[in-house]
Amino acid sequence: MHEKLINVTLITKFLLMGFPDDQVLQRLYAAFFSLVYLVALMGNILIITLTTIDQHLQTPMYFFLKNLSLIDICYISVTVPKSIMNSLTNSHSISFMGCASQVFLVLVFAGTEFALLLVMSYDRYVAICCPLHYEAVMNRGSCVQMVTASWFIGCVYGSIHVAGTFSVHFCGSNIVHQFFCDIPSLLTLACSGEQILEYVFIIVSFCFVFVCFTFMVASYVYIVSTVLRIPSSQGRFKTFSTCMPHLTVVTLFLSSVYIAYLGLNSKSPSSLNIFMSVLYSLLPPSLNPVIYSLRNRDMKVALGKVFGEKMTPNI
């Protein structure tokens with residue numbers, strides 16, 4: 001017990017060693033992360049701007065999309081800038097409090113994003129399966145309440161897991177084999193037998209997420225059955241084009257998280273875990289603008305109006 005207490009007092013920082021300690025590779029990773037980060041920022045800021053200034057995009061779907069873009073900006077900003085800075089300066093350290101804050105914020109934004117994606121699936125269900133009741137159900141007040149509830153769920157989710165993770169004593173090495181502080185990598189550093197509480201939290205969370213995902217899939221089953229009854233092929237295509245990208249984002253996000261957490265008990269660093277962490281931390285924020293905007297006719301029209309207004313004075 002005395003040895004565990006000494007280890008706790010000694011670990012004031014962690015070393016994020018997710019990528020090979022090679023200067024050339026570090027620069028390449030920094031360049032790649034910088035490119036993805038800029039793409040994600042520009043795309044999501046563009047969505048927020050368009051859905052704010054265009055009157056035709058003042059609907060519940062675009063209100064949720066604007067909040068999703070805000071979450072994505074926050075989500076990717078928690079991990080990527082720190083990783084880029086570490087690669088450029090060849091300094092891999094992060095303070096104990098910085099690591100705990102990173103875990104908390106990542107989980108808050110990830111939990112909020114999943115809850116919001118669930119809300120967005122409900123929005124599509126009501127819009128397609130119950131169109132006559134859509135305006136009554138998805139009014140301004142209920143939309144704000146759903147977004148607020150999503151943020152509350154994310155905060156609770158982050159608080160529970162950061163408490164479970166950092167309630168353990170850390171023994172031995174302070175090297176985290178990841179490019180940011182995540183729960184699986186930190187639990188491998190914990191003293192034997194002290195991870196039980198967080199394991200329970202993770203299992204319960206996965207069960208809850210699975211139940212929510214099941215409801216989400218069930219809503220899409222109803223949506224598909226309704227869409228197939230639409231006589232117009234153009235109408236069916238338009239409806240599918242608004243739903244399938246959403247299901248793609250959810251599936252990509254959840255599958256990468258599940259795979260990353262399946263290696264929870266692995267004591268040795270895994271390239272697959274690092275790759276999956278890159279997938280669920282970088283891909284959704286950078287792909288969401290592409291999936292929801294470039295394939296969306298209303299967003300294209302709004303974008304054309306913005307550039308058209310800017311170009312008019314020069315003609």
Side-chain angles (χ1 to χ4, degrees), residues 44 47-48 51 57-72 75 107-154 156-157 205-230 235-258 279-280 283-299:
N44 285 293
I47 288 180
I48 293 174
T51 53
L57 301 181
Q58 305 300 314
T59 62
M61 183 178 76
Y62 294 109
F63 173 72
F64 295 137
L65 183 57
K66 177 165 61 176
N67 281 274
L68 181 66
S69 294
L70 176 62
I71 294 169
D72 280 336
Y75 180 56
L107 293 175
V108 166
F109 295 131
T112 304
E113 175 154 342
F114 177 74
L116 189 58
L117 289 172
L118 186 62
V119 168
M120 291 172 71
S121 69
Y122 176 70
D123 170 71
R124 291 298 84 205
Y125 166 77
V126 177
I128 296 170
C129 299
C130 310
L132 298 179
H133 303 284
Y134 183 73
E135 291 186 3
V137 175
M138 304 302 295
N139 56 67
R140 180 71 180 180
S142 62
C143 290
V144 172
Q145 289 175 0
M146 290 178 186
V147 171
T148 304
S150 298
W151 279 100
F152 177 75
I153 291 171
V156 172
Y157 181 77
S205 297
F206 274 21
C207 292
F208 179 73
V209 168
F210 178 76
V211 171
C212 292
F213 184 68
T214 303
F215 281 112
M216 192 181 298
V217 172
S219 69
Y220 276 105
V221 171
Y222 281 107
I223 289 173
V224 170
S225 63
T226 303
V227 169
L228 292 177
R229 292 197 295 268
I230 297 176
R236 288 196 298 267
F237 175 77
K238 182 179 180 180
T239 306
F240 273 124
S241 66
T242 61
C243 297
M244 295 312 295
H246 178 263
L247 191 59
T248 302
V249 171
V250 176
T251 304
L252 175 66
F253 182 70
L254 291 182
S255 59
S256 56
V257 170
Y258 268 94
L279 205 61
Y280 73 74
L283 217 54
S286 55
L287 282 185
N288 279 349
V290 177
I291 291 175
Y292 287 112
S293 299
L294 296 183
R295 294 173 56 87
N296 188 294
R297 182 179 176 276
D298 294 334
M299 294 292 287

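The structure presented is a predicted model; accordingly, all values stated were derived computationally and were not measured. Scope of the values below: all heavy atoms of this structure, side chains included, with no hydrogens, waters or symmetry mates.
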With Leu283 via side-chain contact (heavy atoms from CB on, under 4.5 Å) - residues at least two apart: Leu252, Leu279, Ser286, Leu287

Rounded at 0.5 Å granularity, tell me how far CZ in Phe213 sits from CZ in Phe206. 13.5 Å

Quick one: list whatever passes side chain to side chain donor-acceptor pair (under 3.5 Å) with Asp72, sequence neighbours left out. Asn288

Leu68 vs Leu117 side-chain heavy atoms within contact, under 4.5 Å: yes

Please name all residues satisfying side chain to side chain donor-acceptor pair (under 3.5 Å) with Tyr222, sequence neighbours left out, ordered by chain then number. none

Closest non-hydrogen atom pair between Pro289 and Pro285, with its separation: CD-O, 3.3 Å

Do the side chains of Asp123 and Tyr134 get nearer than 4.5 Å, heavy atoms only? yes

Taking atom CD as the centre, does Glu135 end up with more than 12 heavy-atom neighbours from other residues, nucleotides or ligands that are less than 6.0 angstrom away? no

Ser69: which residues meet the side-chain contact (heavy atoms from CB on, under 4.5 Å) condition with it, sequence neighbours left out? Asn44, Ile47, Ile48

Tell me the closest heavy-atom pair linking Ser121 and Ile223, and the distance in Å. O-CD1, 4.5 Å

For Val209, enumerate each residue passing the side-chain contact (heavy atoms from CB on, under 4.5 Å) test, keeping only those at least two apart in sequence or located in another chain. Phe114, Leu254, Tyr258

Partners of Tyr157 by ring-ring contact (aromatic ring centres under 6.0 Å, His included), sequence neighbours excluded? His161

Can you tell me how far apart OG1 (Thr51) and CZ (Phe64) are? Round to the nearest 0.5 Å. 13.0 Å

The reported gap from CE in Met146 to CG in Leu118 (rounded to nearest 0.5 angstrom) is 10.0 Å

Check whether Phe63 forms a cation-pi arrangement with Arg140 (NZ or CZ under 6.0 Å from the six-membered ring centre, at most 45° off the ring normal). yes

Distance (rounded to the nearest 0.5 Å) between Cys212 SG and Ile153 CD1: 7.5 Å

Can you tell if the side chain of Tyr122 reaches within under 4.5 Å of the side chain of Val137, non-hydrogen atoms only? yes

Inter-residue atom distance Ile71.CD1 - Leu116.CG, 0.5 Å rounding: 4.5 Å

Closest non-hydrogen atoms of Val119 and Ser150, given as atom of the first, atom of the second and distance, are CG2-OG, 3.8 Å

Closest approach of Pro60 and Met138, non-hydrogen atoms and distance? CG-O, 3.5 Å

Any heavy-atom pair between the side chains of Phe109 and Trp151 that's under 4.5 Å? yes

